[in-house]
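Take a look at the structure set out below.
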Amino acid sequence: MLVTRYFRLLQQCARRNTPNVAKTLHAQLLKNGLHRYGPLPNTLLDAYGKCGLPGDAFSLFEEMPHRDQVSWASILTAYNQANLPRRTLSISRAILADDGLWPDHFVYASLVKACAGLGSIRLGRQVHASFLLSSFCEDDVTKSSLVDMYAKCGLPGDARAVFDSILAKNAVSWTAMVSAYARSGLKSDAMAIFESAPARSLFSWTALISGLVQSGNNVDAFHLFIDMRRDGVDIIDPLVLSSIVGACANLAMLELGKQIHGLVILLGYESCLFISNALIDTYAKCSDILGAKDIFNGMNRRDVVSWTSIIVGTAQHGQAEEALELFDKMVSTRVKPNEVTFVGLIYACSHVGLVDRGRGLFNSMIKDYGITPSLQHYTCLLDLLSRSGHLDEAENLINQMPFQPDEPTWAAFLSACKQHGKIEMAVRIADGLLSLKPEDPSTYILLSNIYARAAMWDKVANIRKLMTLMDVRKEPGYSCIDIGKEKQVFYAGETIHPMKDEIFCLLSELDAEMRRRGYVPDTSLVLHDMEQQEKEKQLFWHSERLAVAYGLLKSVPGTVIRIVKNLRVCGDCHTVLKFISAIVKREIVVRDANRYHHFKGGTCSCNDFW
DNA sequence: GTAGGGTTAG
């Protein structure tokens, strides 16, 4: 029968995700006058949604004379699938008002998913309450979606409470709970749930591994990925790979990243959009910006994430002009920039002091793209203004912006005051910042530096006392370097490394040559009130210098030396690395906590802006 | 007609 045939074809179309087939079938139904017959309108609506055509689904939905809960669930799925959670919620309010229909369990599950997508715990709790009061309150599918919603809102305890109430737990419920713990960084809880689940699958492995990457447990994620491979899990889709590629980016381990890239090629996923995007970021974060560009240039399709990743990467490596040119190309290929793109662009301007261009981009973001600036955008603009010496304009911006400045905002401003030698202004702001009771140890270090610069040693001592009192500890500075397959970590201070003597010898020789070329140690950044000679000795043993010396001794002559530092590189080391790059005629790339420095021939790619 | 795993900033 014709109706049964169309019904089957539409279902198949939804499963196979074939938008053109959906449109053809719709045309045929209209021609045959079957478009309002029985279940066909709802099935067509479902097909449009699953084929990624929410606009067509909505037109159809609006024209339907009789809408039931199935129509409702289908249009909500269409919007959820298209990642438009706001529309999902706004249309359900309209349906409730216009059609007088109450949600059933299908509708509840979709509403919860939309709240999860928004990360809105306020709305999520409202829907949860309404679900509990409804006659569908025992529905396990909706409960699984609630577990996921609480997980995405960062509330693993609430997720667990719902999980425990599920009567018949299935693979979906277990995976949602694993993900809840893993993304909150609760490693042992995540492992416990993962291991007690009745079965493991690529889904649950992916939830565990990617959750750990999201919570910053990159090394654990790697070990689990190796376990997963050992278990012989068939990687039939590439989702877990994009997480593990991201872990390489976070760890900034280039050799590891290249190995994973090899695995990606071996498994045949190198042309997958998500994977290529993750690889761009990884090569950029592993300080190999040329590798990142190779990936980007080789892609046959690029989305906003691809463009944003290459723009941000290029900007972080100090090639701001090129980042801005990439943006022009992005616009001309009609890919719409998002809020992240503008963070990258204003950041790019900030690092080369392009004040007018940065202001222009900020305004264009609002006017041309309808993006409401977030605190981060204001912080970027503030950074741009203050770094370039427009300190009064920056202070005005702080007072006028619709956000309460937070600690990083003040810290950015303060750091610029220091850079521009506005010590009085800096001390005034530092006093104010101190009263906010900052939590970040680096803020105390910054404050301490300001007071040290102003030779206010009593205040320096006071800060150090506060740090002990509040148990704020400075993270010890360290620098890593990979030579071949070996990784070395150096901490500041006299090293106990087996090559200590050679390192000391080389650094002393370099020190002598630098001084002949005019180097004067900048000891103003050393915190303690001590003798000049003692301060210079402190600087001499900074971890990045030890790592560079080791690199020079051990690496293949002529190759790039890549260092990863956990904190920001200090001003004096920055000068020293410039000198060293000229003396030894080698390129040295340092990734610090903020950005990348390519030292070559006595200059740095950051133009001394950092 | 519903629910679980993935990439970009900070």
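In what follows, every heavy atom counts, from backbone to side chain, and hydrogens, waters and symmetry copies are set aside. These numbers were taken from a predicted model, which means no experiment stands behind them. Lettering of chains follows the sequences in order, A, B, ..., and the numbering in each one begins at 1.
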Of the nucleotides [options], which has the atom closest to the [X] side chain?
X        : options              : answer
A/Ser309 : B/dG6, B/dT8, B/dT2  : B/dT8
A/Ala109 : B/dG6, B/dG5, B/dT2  : B/dT2
A/Phe274 : B/dG10, B/dT7, B/dG1 : B/dT7
A/Val312 : B/dA9, B/dG4, B/dT2  : B/dA9
A/Val343 : B/dT2, B/dG1, B/dA9  : B/dA9

Nearest-Å distance for atom pair [atom1]/[atom2], residues [X] and [N]:
X        : N     : atom1 : atom2 : answer
A/Asn338 : B/dT7 : CG    : P     : 15 Å
A/Trp307 : B/dT8 : CH2   : C1'   : 14 Å
A/Arg183 : B/dG4 : CZ    : P     : 11 Å
A/His66  : B/dG1 : NE2   : P     : 21 Å
A/Asp383 : B/dA9 : CG    : C1'   : 13 Å
A/Asp148 : B/dA3 : CG    : C1'   : 8 Å
A/His317 : B/dA9 : NE2   : P     : 12 Å
A/Tyr150 : B/dG4 : OH    : C1'   : 17 Å

Is [X] touching bases, backbone alone, or none of the nucleic acid, heavy atoms closer than 4.0 Å?
X        : result
A/Asp46  : sugar-phosphate
A/Ala171 : base
A/Gln214 : sugar-phosphate
A/Ser144 : base
A/Leu202 : base

Any N or O donor-acceptor pair linking the side chain of [X] to the base of [N] at under 3.5 Å?
X        : N     : result
A/Asp68  : B/dG1 : no
A/Asp140 : B/dA3 : no
A/Asp237 : B/dG5 : yes
A/Thr175 : B/dG4 : yes

Which heavy-atom pair separates A/Ala182 from A/Leu208 by the least distance, and what is that distance?
CB-O, 3.6 Å
Six-ring centre of A/Tyr181, A/Arg160 cation under 6.0 angstrom, axis tolerance 45°:
no
So does A/Lys565 pair up with A/Asp592, basic N to acidic O under 4.0 Å?
no
Taking the inter-plane angle between the rings of A/Tyr369 and A/Phe342 on a 0 to 90° scale, is it parallel (under 30°), tilted (30 to 60°) or perpendicular (over 60°)?
tilted
Does OP1 or OP2 of [N] have a side-chain N or O of [X] closer than 4.0 Å?
X        : N     : answer
A/Lys152 : B/dG5 : yes
A/Ser210 : B/dG6 : yes
A/Lys50  : B/dT2 : yes
A/Gln11  : B/dG1 : yes
A/Lys113 : B/dG4 : yes

Who passes salt bridge (Lys or Arg N to Asp or Glu O under 4.0 Å) against A/Glu138, sequence neighbours left out?
A/Lys143
Excluding sequence neighbours, so at least two apart, what forms salt bridge (Lys or Arg N to Asp or Glu O under 4.0 Å) with A/Asp158?
A/Arg125
Is there side-chain contact between A/His261 and A/Thr282, with heavy atoms separated by less than 4.5 Å?
no
Would you indicate whether the side-chain heavy atoms of A/Leu273 and A/Arg301 approach each other to under 4.5 Å?
yes
Hey, does the side chain of A/Ser210 reach the backbone of A/Thr206 with a donor-acceptor pair shorter than 3.5 angstrom?
yes
Expected list for residues 275-292 of chain A near DNA chain B, using heavy atoms below 4.0 Å, is A/Asn277, A/Asp281, A/Lys285
